[in-house]
Trainee: 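Okay, handing you the structure first.
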Amino acid sequence: MIYATRILNTLDTQLAQTVDLTLYGRAALQLGFDDPPEEFSQSLYVDAVLAMGQAEELLESTNFWEALERTNDTLAPSGLYMTHL
């Protein structure tokens, strides 16, 4: 399985509502392009960029931060995680 897919699917199960995220790095390349290099599928993390003010918006209107923490706790035994900026 592509690790980025596993990480994002886990996050999705924890979210109470839809959240728009901008991914970057290997996970973004793996998920966003046809036939990416195989090593991209083995990246242990997903990075997301937050727009100015988006962190506060997510805090006020979603359960994103709690969902992110639960996702990382759930995936910790397998060494997978999601980061953010």
Side-chain angles (χ1 to χ4, degrees):
M1 172 181 250
I2 297 168
Y3 292 148
T5 300
R6 182 173 173 201
I7 294 164
L8 292 172
N9 283 341
T10 303
L11 177 65
D12 188 53
T13 65
Q14 303 294 332
L15 289 168
Q17 61 280 99
T18 300
V19 172
D20 291 324
L21 295 173
T22 302
L23 304 182
Y24 73 98
R26 289 182 178 211
L29 295 172
Q30 174 63 44
L31 298 172
F33 293 91
D34 293 330
D35 200 27
E38 176 65 28
E39 64 268 17
F40 289 5
S41 69
Q42 301 305 308
S43 181
L44 299 177
Y45 56 90
V46 170
D47 290 317
V49 174
L50 301 180
M52 295 289 287
Q54 187 178 9
E56 294 80 10
E57 178 184 324
L58 290 171
L59 179 62
E60 294 172 5
S61 62
T62 73
N63 71 325
F64 174 76
W65 298 108
E66 294 86 9
L68 178 62
E69 185 175 338
R70 285 194 304 267
T71 296
N72 286 338
D73 289 346
T74 300
L75 296 173
S78 60
L80 302 177
Y81 59 98
M82 183 170 178
T83 61
H84 62 279
L85 294 179

Trainee: Which atom pair, heavy atoms only, marks the closest approach of V19 to L58?
Mentor: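 Looking at all heavy atoms of both residues, the closest pair is CG1-CD2, 3.6 Å.
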Trainee: Search all heavy atoms of L50 against all heavy atoms of W65 and return the closest pair with its distance.
Mentor: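 Minimum heavy-atom contact is CD1-CH2, 3.6 Å.
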Trainee: Quick test of your reading: applying side chain to side chain donor-acceptor pair (under 3.5 Å), list the pairs with at least one residue in residues 7-30, sequence neighbours left out, ordered by first then second residue.
Mentor: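 Sorted pair list: Q14-R70.
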Trainee: What are the two closest heavy atoms between A27 and V46, and how far apart are they?
Mentor: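 Heavy-atom minimum between the residues: CB-CG2, 3.8 Å.
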Trainee: Measure from the side-chain N and O atoms of E57 to the backbone N and O of Q54, and report whether any donor-acceptor pair falls under 3.5 Å.
Mentor: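 Checked: no pair found.
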Trainee: For residues F40 and L29, report the shortest heavy-atom separation together with the two atoms involved.
Mentor: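 Shortest heavy-atom contact: CE2-CD1, 3.4 Å.
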Trainee: Decide yes or no on side chain to side chain contact (heavy atoms under 4.5 Å, CB included) for T71 and L80, but give the supporting numbers first.
Mentor: CA-CA 9 Å; T71 296; L80 302 177; over 6 Å; no
Trainee: Rounded to the nearest 0.5 Å, what separation is found between the CE atom of M82 and the CG atom of L11?
Mentor: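 With rounding to 0.5 Å, CE (M82) is 5.5 Å from CG (L11).
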Trainee: Yes or no on side chain to side chain contact (heavy atoms under 4.5 Å, CB included) for T5 and L31, after CA distance, side-chain angles and deciding distance?
Mentor: CA-CA 8 Å; T5 300; L31 298 172; 3.5 Å; yes
Trainee: Compare every heavy atom of D47 with every heavy atom of Y45, then report the nearest pair and how far apart it is.
Mentor: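 Taking every non-hydrogen atom into account, CE1-OD2, 3.2 Å.
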Trainee: What's the spacing between R6 CZ and L44 CG if we round to 0.5 Å?
Mentor: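 It comes to 10.5 Å.
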Trainee: Honestly curious: do L23 and V49 fall in one hydrophobic cluster under the side-chain, below-4.5 Å linking rule?
Mentor: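 L23 and V49: separate clusters.
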Trainee: Tell me, yes or no, whether the heavy-atom count around E69 atom CD, taken from other residues, nucleotides or ligands under 6.0 Å, exceeds 12.
Mentor: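 For E69, atom CD is not crowded (no more than 12 foreign heavy atoms under 6.0 Å).
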Trainee: For A16 and N63, which heavy atoms make the closest approach, and how far apart are they?
Mentor: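 Scanning both residues completely, I find the closest heavy atoms to be N-OD1, 3.0 Å.
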Trainee: For Y81 and I7: C-alpha separation, side-chain torsions, deciding distance, then whether side chain to side chain contact (heavy atoms under 4.5 Å, CB included) applies.
Mentor: CA-CA 7 Å; Y81 59 98; I7 294 164; over 6 Å; no
